[in-house]
Amino acid sequence: MMHVFPRTFTMPIQRGERAATASAAPLTSAAYIRLRREAAGLSIQEVAGTLARNADDVAPALDLVHALETPGNTARRPETLEALRSVFPFDPDVYRQLATDPAHSHPRICRGCGCSHWDPCTSDDHGACAWATDIACTACLPDTAPVECCQ
């Protein structure tokens with residue numbers, strides 16, 4: 001089957017591009033979940049397939065992941081966050097802060113991958129990431145020198 005895209009189709013931006021062009025506006029819990037899923041290299045379908053216990057559970061799992069990545073929706077039960085955490089790394093406490101706390105008390109989060117001081121990116125070559133800018137980590141902007149900061 002051949003897929004045809006309209007002329008307005010653009011490829012998804014990479015996390016470095018997203019970090020470089022991101023706004024410093026407060027991040028939502030939905031955006032945080034999406035950033036962490038994408039940083040793990042997973043599609044919504046892959047996450048849903050992992051969450052589903054059988055074929056009948058795939059559609060509800062897809063609905064759940066879509067809902068959690070929709071602004072204004074939040075997970076109601078801790079078990080939901082733990083199930084997602086078993087599929088890709090994120091910090092449930094950061095998620096809850098973004099969902100419930102006022103913006104001035106939100107933790108600092110990279111707009112390219114969603115990492116924070118509490119769950120930094122790590123690699124075998126470079127260890128944990130650092131802050132490259134106020135809103136991006138050195139894993140997303142590797143050619144930028146780390147800045148001194150405190151959370």
Side-chain angles (χ1 to χ4, degrees), residues 3-51 61-151:
H3 295 277
V4 180
F5 296 101
R7 287 189 193 143
T8 58
F9 174 77
T10 57
M11 294 301 292
I13 63 173
Q14 297 299 314
R15 64 193 235 185
E17 289 177 67
R18 181 175 33 240
T21 60
S23 162
L27 194 68
T28 65
S29 56
Y32 173 66
I33 288 292
R34 180 184 48 78
L35 286 172
R36 297 306 289 159
R37 174 186 56 77
E38 290 175 349
L42 297 171
S43 68
I44 290 175
Q45 292 77 12
E46 290 170 320
V47 172
T50 304
L51 289 173
L62 273 170
D63 291 344
L64 173 68
V65 178
H66 277 292
L68 290 175
E69 292 190 10
T70 301
N73 292 336
T74 57
R76 293 184 201 142
R77 298 184 354 219
E79 297 84 13
T80 302
L81 296 178
E82 289 306 316
L84 278 178
R85 191 172 175 200
S86 72
V87 180
F88 59 90
F90 74 96
D91 188 327
D93 292 329
V94 168
Y95 177 88
R96 286 185 204 96
Q97 282 181 293
L98 295 172
T100 61
D101 292 356
H104 72 273
S105 65
H106 286 178
R108 187 177 191 183
I109 297 172
C110 175
R111 299 312 198 269
C113 65
C115 74
S116 71
H117 175 75
W118 312 114
D119 60 341
C121 300
T122 58
S123 73
D124 292 337
D125 297 334
H126 299 89
C129 67
W131 291 107
T133 68
D134 286 341
I135 58 170
C137 73
T138 53
C140 291
L141 297 177
D143 297 330
T144 307
V147 296
E148 287 290 321
C149 72
C150 294
Q151 175 63 11

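Values below: all heavy atoms of this structure, side chains included; hydrogens, waters and symmetry mates excluded.
Taking both residues in full, the closest heavy atoms of S116 and I109 are given as CB-CG1, 4.2 Å, listed atom of the first, atom of the second, then distance. Taking each heavy atom of A99 and T74 in turn, the nearest pair found is CB-CG2, 3.6 Å. Pairing each heavy atom of P107 with each of W118, the nearest pair is CB-NE1, 4.2 Å. For E46 against G41, the heavy-atom pair with the smallest separation is OE1-O, 3.7 Å. Scanning all heavy atoms of the two residues, the minimum distance from P89 to A40 falls at CD-CB, 4.3 Å.
Qualifying salt bridge (charged side-chain N to carboxylate O under 4.0 Å, His left out) partners for R76, counting only residues two or more places apart in sequence or in other chains: none. When the salt bridge (charged side-chain N to carboxylate O under 4.0 Å, His left out) test is applied to D119, the partners found at least two apart in sequence or on another chain are R36. Taking D101 as the reference, nothing meets the salt bridge (charged side-chain N to carboxylate O under 4.0 Å, His left out) condition, with sequence neighbours excluded. Checked against ring-ring contact (aromatic ring centres under 6.0 Å, His included), F88 has the following partners two or more places apart in sequence or in another chain: F90.
No side-chain donor-acceptor contact under 3.5 Å links S29 to the backbone of L98.
Interatomic distance, C115 SG to Y32 OH, rounded to the nearest 0.5 Å: 9.0 Å. Distance check, rounded to the nearest 0.5 Å: CD1 of I135 to CG of L27 gives 10.0 Å. Considering CZ of R111 and CG of L141, their distance stands at 13.0 Å, rounded to 0.5 Å. A distance of 10.0 Å separates OG1 of T28 from CG of N73, quoted to the nearest 0.5 Å.
You'll find the side chain of S105 stays beyond 4.5 Å of the side chain of Q97, heavy atoms only. The closest side-chain heavy-atom distance from T50 to L42 is not below 4.5 Å.
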Throw together a table of side-chain donor-acceptor distances under 3.5 angstrom for residues 65-72, partners on residues two or more places apart or in other chains.
{"unit_1": "E69", "atom_1": "OE1", "unit_2": "R37", "atom_2": "NH2", "d": "3.0"}
{"unit_1": "E69", "atom_1": "OE2", "unit_2": "R37", "atom_2": "NE", "d": "2.5"}
{"unit_1": "T70", "atom_1": "OG1", "unit_2": "H66", "atom_2": "O", "d": "2.7"}

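Judged as a side chain to side chain donor-acceptor pair (under 3.5 Å), the pairs with a partner in residues 87-96 (not counting sequence neighbours) are, in order, D93-R96.
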